[in-house]
Amino acid sequence: MKQTFYKYQGTGNDFVLFDNRDGRYNKLADGSRESEETVRRLCDRRFGVGGDGLMLLSKHPDYDFEMIYFNADGRPSSMCGNGGRCLVKFAADMGLVQTDYRFLAADGPHEASIELDGLVALKMQDVTQIQHEGNDFVLDTGSPHFVHLTTDVMHKDMVRIGREIRNSPAYVKEGINVNFVEQTNQDDEIIVRTYERGVEDETLSCGTGVTAAALVCAHNENGFNRVEVRTKGGHLAVEYDKNGNHYTEIWLIGPAQRVFEGTIEMDV
Ligand SMILES: N[C@H](CCC[C@H](N)C(=O)O)C(=O)O
């Protein structure tokens with residue numbers, strides 16, 4: 001049966017979206033192998049629509065909506081920062097126009113708003129722990145991230161090295177997203193490349209990864225920080241308050257756009 005889908009992207013991190021407010025697509029989240037295969041195929045860039053992930057805009061009694069997120073491998077995932085921003089834009093495009101949004105995601109409640117300039121600001125969960133060894137950092141910004149500070153980041157073999165770290169004994173069981181980060185000669189600007197778990201490839205940007213990198217590269221030891229982040233897919237900003245190892249009021253800010261909508265044969 002023909003089903004209507006919507007394609008969105010946030011700085012090149014792209015997603016297949018379904019309006020599930022009437023629950024018609026709940027089956028995709030039933031945990032069955034069949035549904036996992038359906039989601040994987042929808043995300044396939046040759047046999048399906050193509051995307052780094054798939055999201056359901058679902059109803060929730062206590063929030064404006066619930067975000068159900070799947071990685072391109074078809075499996076339910078942890079939080080997706082760019083996905084959250086795209087889902088807010090999708091909700092607005094579907095008529096849920098509000099100055100502020102509160103929605104539920106895999107890592108808990110989130111606030112968001114669409115700014116006057118059209119950028120979508122998404123509040124991320126607080127971070128209270130960053131493991132640090134040399135130029136390597138491990139932290140969870142709603143999804144787990146390995147952050148490696150380096151130079152000449154655009155000439156690194158991101159897929160080979162990212163895959164190696166993601167499948168190393170320390171991380172192979174749960175997986176981890178791998179970010180290479182370069183601090184430019186601008187005080188508060190970084191360049192980030194990410195190998196994404198569950199996509200098992202480099203993506204053009206990763207919202208929770210950009211957030212992790214920005215927390216690691218705090219310019220002001222304590223107090224308010226704003227970090228400009230350049231990714232292959234475009235420009236994002238991360239604002240936050242740093243108080244020792246506590247990071248709060250973390251906002252991921254950037255564009256989110258509808259690319260196209262269409263129909264696809266799919267049994268649900
Ligand atoms: N692949 C990630 C989830 C999506 C993260 C990324 N798309 C983002 O924008 O945060 C994981 O499995 O941890």
Side-chain angles (χ1 to χ4, degrees), residues 7-17 29 36 39-40 42-43 45 50-56 67-90 103 105-108 110 112 119-125 127 137-147 158-159 162-163 165-167 170-181 192-216 227 229-238 240 250-257 259:
K7 187 73 194 290
Y8 276 70
Q9 65 84 15
T11 49
N13 206 189
D14 64 334
F15 310 98
V16 183
L17 277 62
E36 182 179 311
V39 173
R40 198 191 58 72
L42 284 165
C43 291
R45 297 193 185 282
D52 293 329
L54 183 145
M55 286 183 282
L56 302 181
M67 169 180 170
I68 310 290
Y69 182 80
F70 304 88
N71 273 323
D73 64 5
R75 295 199 194 112
S77 172
S78 40
M79 181 53 183
C80 176
N82 287 328
R85 296 188 308 97
C86 285
L87 202 63
V88 167
K89 179 72 169 73
F90 179 47
F103 67 91
D107 63 341
H110 288 265
L119 297 181
V120 183
L122 171 67
K123 191 174 183 184
M124 308 300 281
Q125 300 300 350
V127 171
F137 303 77
V138 177
L139 61 158
D140 192 304
T141 51
S143 285
H145 285 275
F146 182 99
V147 175
M158 188 73 236
V159 174
R163 192 163 286 158
I165 296 170
R166 178 259 183 273
N167 290 305
Y171 303 116
V172 63
K173 185 166 179 292
E174 296 298 323
I176 198 164
N177 301 284
V178 181
N179 304 272
F180 280 12
V181 182
V192 180
R193 292 179 67 185
T194 306
Y195 175 93
E196 258 196 62
R197 171 185 72 167
V199 180
E200 302 310 332
D201 200 350
E202 180 179 8
T203 54
L204 296 185
S205 77
C206 172
T208 50
V210 153
T211 303
L215 297 186
V216 164
V227 179
V229 185
R230 290 187 7 227
T231 71
K232 281 186 171 180
H235 172 227
L236 289 152
V238 181
Y240 59 91
I250 304 170
W251 289 85
L252 172 67
I253 304 158
Q257 283 147 2
V259 185

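Being a predicted model, the structure only gives us computed values, none of them experimental. First listed ligand is number 1; within each ligand, the first listed atom is number 1.
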task: For the pair R163 (side chain) and E200 (backbone), establish whether a donor and an acceptor sit closer than 3.5 Å, ignoring hydrogens and angles.
output: yes
field: Closest non-hydrogen atom pair, V120 against R85
entry: O-CD, 3.4 Å
- prompt: How close do R166 and G175 get, heavy atom to heavy atom, and via which atoms?
  reply: NH1-CA, 3.3 Å
query: So is G207 close enough to ligand 1, meaning a heavy atom under 4.0 angstrom away?
result: yes
- line: Any heavy atom of N177 under 4.0 Å from ligand 1? The part involved is side chain
- request: Mark yes or no for whether N179, through its side chain, and T194, through its backbone, hold a donor-acceptor pair below 3.5 Å.
  value: no
query: Is H145 in contact with ligand 1, taking contact as a heavy-atom separation below 4.0 Å?
result: no
- request: Give the numbers and elements of all ligand 1 atoms closer than 4.0 Å to a heavy atom of S78.
  value: 11 (C), 13 (O)
field: Heavy-atom gap G53 to ligand 1 smaller than 4.0 Å
entry: no
message: Below 4.0 Å, non-hydrogen atoms only: which portion of N71 touches ligand 1? Side chain, backbone, both or neither.
response: side chain
message: Please report whether ligand 1 has a polar contact with G81, defined as an N or O pair separated by less than 3.5 Å (distance criterion only).
response: yes
message: Using 0.5 Å steps for rounding, measure from the CE atom of M55 to the SG atom of C80.
response: 6.0 Å
message: Main chain of G233, side chain of T11: is a donor-acceptor contact present, judged purely on distance under 3.5 Å?
response: no
Numbered atoms of ligand 1 (with element) below 4.0 Å of T208, judged on heavy atoms: 5 (C), 8 (C), 9 (O), 10 (O)
Sub-4.0 Å heavy-atom approach of D52 to ligand 1: no
- prompt: Quick one: do the S78 and R197 side chains pair a donor with an acceptor below 3.5 Å?
  reply: yes
query: Which word best sums up how the rings of H110 and F103 line up, parallel for under 30°, tilted for 30 to 60°, or perpendicular for over 60°?
result: parallel
query: Using heavy atoms and a threshold below 4.0 Å, how should the contact between N13 and ligand 1 be classified: side chain, backbone, both, or neither?
result: side chain
statement: When rounded to the nearest 0.5 Å, the distance separating CD of Q9 from CD of Q257 is 5.0 Å
message: Quick test: of every protein heavy atom, which one is nearest to atom 6 (C) of ligand 1, and how far off is it to 0.1 Å?
response: C206 SG, 3.3 Å
- prompt: Have N82 and S205 got a donor and an acceptor in their side chains that come within less than 3.5 Å?
  reply: yes
field: Region of S77 engaging ligand 1 - heavy atom pairs below 4.0 Å
entry: side chain
- request: Check ligand 1 against S143 and write out every atom of the ligand that is under 4.0 Å from a heavy-atom position of the residue.
  value: 3 (C), 11 (C), 13 (O)
- line: re atom 4 (C) of ligand 1, the protein heavy-atom contact at minimum distance is E196 OE1, 3.5 Å
task: Tell me which part of R197 gets within contact of ligand 1: side chain, backbone, both or neither, using heavy atoms under 4.0 Å.
output: both
